[in-house]
Amino acid sequence: MKNYDFKTIEKKWQDKWFKENSFKAIDFHPTKPKYYVLYEFFNISGNLHMGHLKGTVPSDALARMKRFQGYNVLFPIGGDSFGLPAENAAIKNGINPHKFVEEGAKKAFEQSRKIGLSFDWDRTFCTSDPDYYKWTQWIFLQLYNHGKAYKKEGVVNFCPNCKTVLSNEDSQGGKCDRCGGEVIQKKRWVWYLKMKEYSEKLLDNIDKINMAESLKEAQRNWIGKSEGMQVAFDLFNDKNEKLGKVEIFTTCIETIYGVTYVVLAPENSLIDSFKSNIKNWTEIEDYRKKTALRSEFDRLSDQKNKTGCKVDGLYVVNPVNKKKVPLYLADFVLAGYGTGAVMAVPAHDQRDWDFAKTYNIPIIQVIEGDSDRAVEKKEYLSANSKMMNSAEFDGMNVLQAKKKIADKVVSLGAGQKQINYKMQDWPFNRQRYWGEPFPIIFCDHCGTVALDEKDLPLVLPETDDYLPNEKGDSPLSKVKDWVECKCPKCGRIAHRETDTMPNWAGSSWYWLRYTDPHNPNALADFEKLKYWGSVDCYTGGTEHITRHVLYAFFWQNFLYEIGVVPTREPFLRKMGSGLILDDQGKKMSKSSTNGVSPLEVIDKYGADAARLHVHFLGGYEDNTPWTYDGISGITAFLDRVWALQEIVKGEDVSKEHKIELNKLIKKVTDDLEDLKLNTSISALMIFLKKVREDKFITKAELKAFLILLNPMAPHITSEIFENVFKSQILDESWPKYDEKYLVEDTINLPVQINGKLFKVIPVAKDILQEDLLAKIEKQYPEVYNKDVTLKKVVYVPNRIINLIK
RNA sequence: GCUGGUGUGGCGGAAUGGCAGACGCACAGGACUUAAAAUCCUGAGUUCGAAAGGACGUGUGGGUUCGACUCCCACCACCAGCACCA
């Protein structure tokens with residue numbers, strides 16, 4: 001027999017699978033149930049990297065197993081192509097981004113075939129294809145027409161050097177991600193999507209999805225639900241004339257008797273109408289200017305030194321004890337959260353304490369504990385300390401007082417329960433060329449006008465200038481004959497929105513499009529959406545997982561509410577792929593000293609070996625350090641699998657291998673369902689070892705073994721199958737195991753004396769306790785006989801027996 | 001700081017509360033070979049012992065249990081996310 005020549009064999013199968021599109025998903029299959037496996041689409045940038053080998057193979061294995069199990073499997077792939085790589089290539093090297101994407105996608109798909117991934121090639125698309133972004137624009141139109149998209153002036157991160165607005169992610173540490181320059185805060189008109197409205201629905205989605213707890217927690221954190229009270233403090237001038245009220249949000253109503261000042265966010269416009277009562281208005285204006293210039297980074301990095309500005313001439317009154325307290329502006333209060341105003345209780349909040357110390361504001365302790373520092377919520381609640389300086393609540397336990405004080409505030413008519421969320425509405429525009437244009441026109445006469453659906457897609461115009469203008473407007477603003485247009489309503493000259501949508505837009509609904517990727521009349525046919533339903537298993541990297549999944553939930557919920565999709569749940573299960581780490585313990589990249597590309601590994605050892613090796617290193621969600629060490633174990637395993645062809649003897653499952661084979665089927669079936677490839681591979685190795693010891697494998701055993709291994713090593717198993725059985729492995733079905741063959745007739749049973757292992761003895765399966773004790777007495781009379789009284793016997797059949805003397 | 005997760009041989013890693021270290025690498029010994037590689041077989045947690053066998057052993061310290069890597073409490077370390085969120 002010839003040696004296993006992976007180069008020829010793997011190419012043969014890859015070409016065949018591609019030519020025949022062997023893994024085509026069938027809409028409305030008459031008999032098979034559907035199963036939808038999704039791997040996040042490729043970010044079209046350069047070559048596939050190690051993360052793809054780690055991330056894709058388990059979902060491929062799951063898809064392949066499900067097909068054997070009789071499911072009609074949808075396992076598609078596409079390209080997330082409206083991204084920075086294409087735009088940067090355009091800016092830096094003058095490459096046309098369309099061309100960049102076209103070539104990049106082609107390369108990514110080709111490389112994925114070299115991994116042996118079983119995608120349905122009839123369903124590919126890229127987010128920058130006009131046929132696709134037509135529907136991204138369409139969804140935006142629906143959002144706009146349903147009042148879920150609005151434009152308002154907001155504060156954004158801006159890089160003066162690149163003249164562009166940056167997301168928080170692109171401006172971490174106050175530095176521009178592109179040029180490294182200083183990022184400033186700038187006012188701009190921003191499109192927002194009303195995501196905040198969906199907070200509870202998103203939390204509901206999080207509860208329902210099958211996903212790692214750490215990922216769920218990160219998402220709940222992002223939404224940041226917090227329950228507290230909104231309380232009104234009446235606002236007076238120094239002539240004791242009531243001017244209005246300041247609404248604050250607090251989660252610590254129990255500390256309200258300790259309020260010694262109230263703080264507004266600098267941006268809060270509440271006091272602007274009382275200018276005439278304020279004695280230090282110029283000082284306030286200066287402070288506002290100063291904080292606006294302060295970058296996000298400065299604000300965060302300077303948390304110790306609180307800055308603020310007293311509002312001279314105004315004061316507020318605490319509703320519970322009618323005490324006057326001063327009013328301040330300070331930039332530690334965020335305008336966008338809660339009411340943009342807080343009551344400050346320095347005795348029980350470190351931040352308020354720091355501020356009070358800086359501005360010499362009194363500190364009133366209202367809950368017992370240390371008085372030389374801020375005793376915070378967590379501490380006094382867990383100790384359930386006693387109240388003090390709180391009028392009728394003195395001496396009460398804080399947990400009880402929290403409820404009673406809340407009741408009092410409500411009965412005074414000064415406040416009510418309130419839920420707040422950290423998550424804000426989604427800022428949805430960028431000043432970039434390479435993105436979906438908004439289907440929006442501004443008309444001096446009609447105002448903001450949405451395009452008609454029939455005018456979609458609004459195609460991105462060609463240009464060779466990909467840089468924003470001096471004012472930081474999008475490059476599209478320079479394409480005059482595109483910007484100028486007729487108002488669809490009145491026909492007068494109007495101009496288009498020149499910002500484009502963020503990269504996230506296209507990825508927030510793409511799984512829906514795979515069900516009907518070429519539909520010109522709808523984002524997807526409703527019946528097809530219903531047939532394919534929610535994604536059964538969604539895998540991918542964890543890099544942007546929190547926001548991506550939340551955006552996906554948001555859009556799917558919205559589309560469900562307007563009747564376009566049949567369910568609120570985009571995904572039933574989400575698995576985040578761990579990273580391949582380099583020798584520094586960081587994510588492997590080109591700059592890693594031991595940086596390796598998957599294609600290099602495939603070239604040296606073959607795709608099957610590469611797939612097995614990477615997944616034998618560790619679990620799907622674990623980070624695993626990269627090494628070539630150990631790959632010889634995998635290639636030796638594959639060589640031995642290949643050599644099985646020489647020891648095929650007999651037809652049916654032999655009695656020698658019956659138990660082992662049944663155990664193997666169960667193990668691999670269960671583990672692949674959980675994407676645990678490492679233990680599946682180990683089980684296959686154990687079975688192989690047994691067969692080689694016995695020097696034979698029957699045809700039935702080989703068939704089962706090859707099918708079980710096929711999802712992980714599809715090429716070699718397809719080849720051996722064809723050689724031995726003269727037919728195609730893809731036509732086979734998944735082997736089944738029989739419960740009664742999972743335990744051997746004779747078991748090695750551990751015998752413990754007083755909880756310590758004494759001996760391991762062979763006994764018959766399901767042996768009765770009395771028979772077992774008799775056997776022990778006969779063999780080891782020194783440890784157990786009639787004269788020994790046992791305090792207790794713990795016997796777990798087929799597992800263990802423990803004799804307590 | 002907050003939240004979540006992880007911690008097991010020389011290494012990657014296995015173990016529904018029931019023989020810890022499966023499987024693999026590296027290592028050692030042997031077979032084959034003139035030799036090496038490849039391949040095949042065997043061994044191996046640490047430690048005391050010639051051996052039989054014993055002691056210790058899953059980050060640390062306690063607890064629950066006949067029995068704990070697994071459950072509970074406290075602490076330490078690392079990783080990730082969030083971070084002035086009132």
Side-chain angles (χ1 to χ4, degrees), chain A residues 212-222 224-226 228-229 248-253 255 262-263 265 299-304 306 330-334 336-345 348-352 354-355 376-378 420-424 542 545-546 576 578-579 581 585 612-613 616-619 621-637 639-640 643 676 678-686 688-689 692-693 748-761 790-796 798-805:
Chain A
E213 194 51 41
S214 58
L215 298 177
K216 288 191 173 199
E217 210 46 41
Q219 290 173 1
R220 293 196 188 102
N221 228 308
W222 173 270
K225 180 177 183 173
S226 122
M229 291 194 81
I248 61 94
F249 175 72
T250 181
T251 56
C252 308
I253 195 68
T255 62
V262 163
V263 192
R299 267 172 86 149
L300 292 177
S301 59
D302 193 20
Q303 291 187 17
K304 268 277 150 58
K306 304 277 180 255
D331 69 354
F332 71 77
V333 176
L334 307 173
Y337 182 74
T339 57
V342 302
M343 65 177 209
V345 184
H348 301 289
D349 183 289
Q350 189 59 47
R351 186 196 48 205
D352 296 347
D354 293 342
F355 190 83
E376 294 201 302
K377 178 161 58 170
K378 200 182 166 187
N420 269 318
Y421 303 92
K422 266 196 258 185
M423 187 173 71
Q424 301 296 310
T542 52
I545 192 166
T546 301
L579 300 172
L581 304 175
L612 292 178
H613 177 57
F616 195 56
L617 287 176
E621 299 199 295
D622 302 330
N623 294 338
T624 31
W626 168 257
T627 174
Y628 271 118
D629 290 349
I631 199 167
S632 60
I634 294 295
T635 53
F637 169 70
D639 288 339
R640 289 170 200 162
K676 283 154 100 175
N678 51 346
T679 47
S680 297
I681 296 165
S682 136
L684 287 155
M685 286 172 166
I686 293 168
L688 181 73
K689 200 176 197 174
R692 280 165 54 84
E693 264 166 32
N748 290 320
L749 191 87
V751 179
Q752 293 187 337
I753 309 288
N754 292 332
K756 285 191 69 168
L757 182 68
F758 167 65
K759 279 275 176 336
V760 179
I761 58 169
L790 293 175
K791 274 194 201 144
K792 194 174 177 183
V793 177
V794 181
Y795 176 48
V796 185
N798 301 330
R799 296 309 294 233
I800 203 161
I801 185 163
N802 191 2
L803 310 180
I804 319 301
K805 289 189 189 174

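Sequence lines set the chain letters: A, B, ... in the order given, protein chains first and strands last, and positions in each chain run from 1.
- Rounded to an integer number of Å, the gap from A/Tyr337 OH to B/C85 C1' is 5 Å.
- Closest non-hydrogen pair, A/Val345 versus A/Asp352, comes out as N-OD2, 2.9 Å.
- Taking atom P in both B/U16 and B/U6, one finds a spacing of 14 Å when rounded to whole Å.
- Regarding contacts with the backbone of B/C85, every side-chain N or O of A/Tyr421 stays at 4.0 angstrom or more from both OP1 and OP2.
- As judged by a 4.0 angstrom heavy-atom cut-off over every strand, A/Lys756 is placed among residues touching the sugar-phosphate backbone only.
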Identify each atom pair where a protein N or O and an N or O of nucleotides 20-26 of chain B are less than 3.5 Å apart, giving names and distance.
unit_1: B/C23; atom_1: O4'; unit_2: A/Ser682; atom_2: OG; d: 3.4
unit_1: B/C25; atom_1: O2'; unit_2: A/Gly630; atom_2: N; d: 3.4

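- Rounded to a whole angstrom, the distance from the P atom of B/C79 to that of B/A74 is 23 Å.
- A donor-acceptor pair under 3.5 Å is absent between the side-chain atoms of A/Gln752 and the main chain of A/Ile800, judged by distance alone.
- With C1' as the reference atom, B/C72 and B/C85 are 33 Å apart, rounded to whole Å.
- B/A35 and B/G21 are spaced 38 Å apart, taking the P atom of each and rounding to whole Å.
- With sequence neighbours excluded, no residue satisfies ring pair (Phe, Tyr, Trp, His ring centres under 6.0 Å) with A/Phe637.
- For the residue pair A/Asn221 / A/Glu217, no side-chain donor-acceptor distance below 3.5 Å is found, with atom types taken as modelled.
- The partner of B/C69 cannot be assigned: no Watson-Crick or G-U wobble pair with both contacts below 3.5 Å exists in any strand.
- Pair assignment for B/A74 gives B/U60, based on Watson-Crick or G-U wobble hydrogen-bonding distances that are each under 3.5 Å.
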Please tabulate the protein-to-nucleotide N/O contacts below 3.5 Å involving nucleotides 79-81 of chain B, giving atom names and distances.
none

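- Pair assignment for B/C82 gives B/G1, based on Watson-Crick or G-U wobble hydrogen-bonding distances that are each under 3.5 Å.
- Remark: B/A55 base-pairs with B/U46. Criterion, Watson-Crick or G-U wobble with two distances under 3.5 Å.
- Taking the C1' atom of each, B/A37 and B/C78 are spaced 41 Å apart, rounded to whole Å.
- B/G17 makes up no base pair with any nucleotide shown, lacking Watson-Crick or G-U wobble contacts both under 3.5 Å.
- Mapping A/Glu217 and A/Cys252 onto RNA chain B by nearest heavy atom places A/Glu217 at the nucleotide closer to the 5' end.
- The interatomic distance linking A/Leu803 (CG) with B/C66 (C1') rounds to 10 Å, in whole Å.
- For A/Pro625, the side-chain atoms get nearest to B/G12 when compared with the rest of B/A86, B/C66, B/G12.
- For the residue pair A/Lys422 / A/Ser226, no side-chain donor-acceptor distance below 3.5 Å is found, with atom types taken as modelled.
- Summarising the geometry, the separation between CD on A/Glu376 and P on B/C84 is reported as 14 Å, rounded to the nearest angstrom.
- When the C1' atom of B/G1 is taken as reference, atom NZ of A/Lys377 falls 14 Å away, rounded to whole Å.
- Judged by distance alone, with hydrogens and angles left aside, the side-chain atoms of A/Ser682 form no donor-acceptor pair with the main-chain N or O of A/Asn678 at under 3.5 Å.
- Salt-bridge annotation for A/Arg351 and A/Glu376: absent, with no side-chain N of the basic residue lying under 4.0 Å from a carboxylate O of the acidic one.
- Using the Watson-Crick or G-U wobble rule with both distances under 3.5 Å, B/A26 pairs with nothing in any strand shown.
- Across all strands shown, B/A35 remains unpaired; no Watson-Crick or G-U wobble contact has both distances below 3.5 Å.
- For the pair A/Thr250/A/Ile248, a side-chain contact is recorded, criterion being any heavy-atom separation below 4.5 Å from C-beta on.
- Taking 4.0 angstrom as the limit, A/Arg351 places a side-chain polar atom (N or O) nearer than this to OP1 or OP2 of B/C85.
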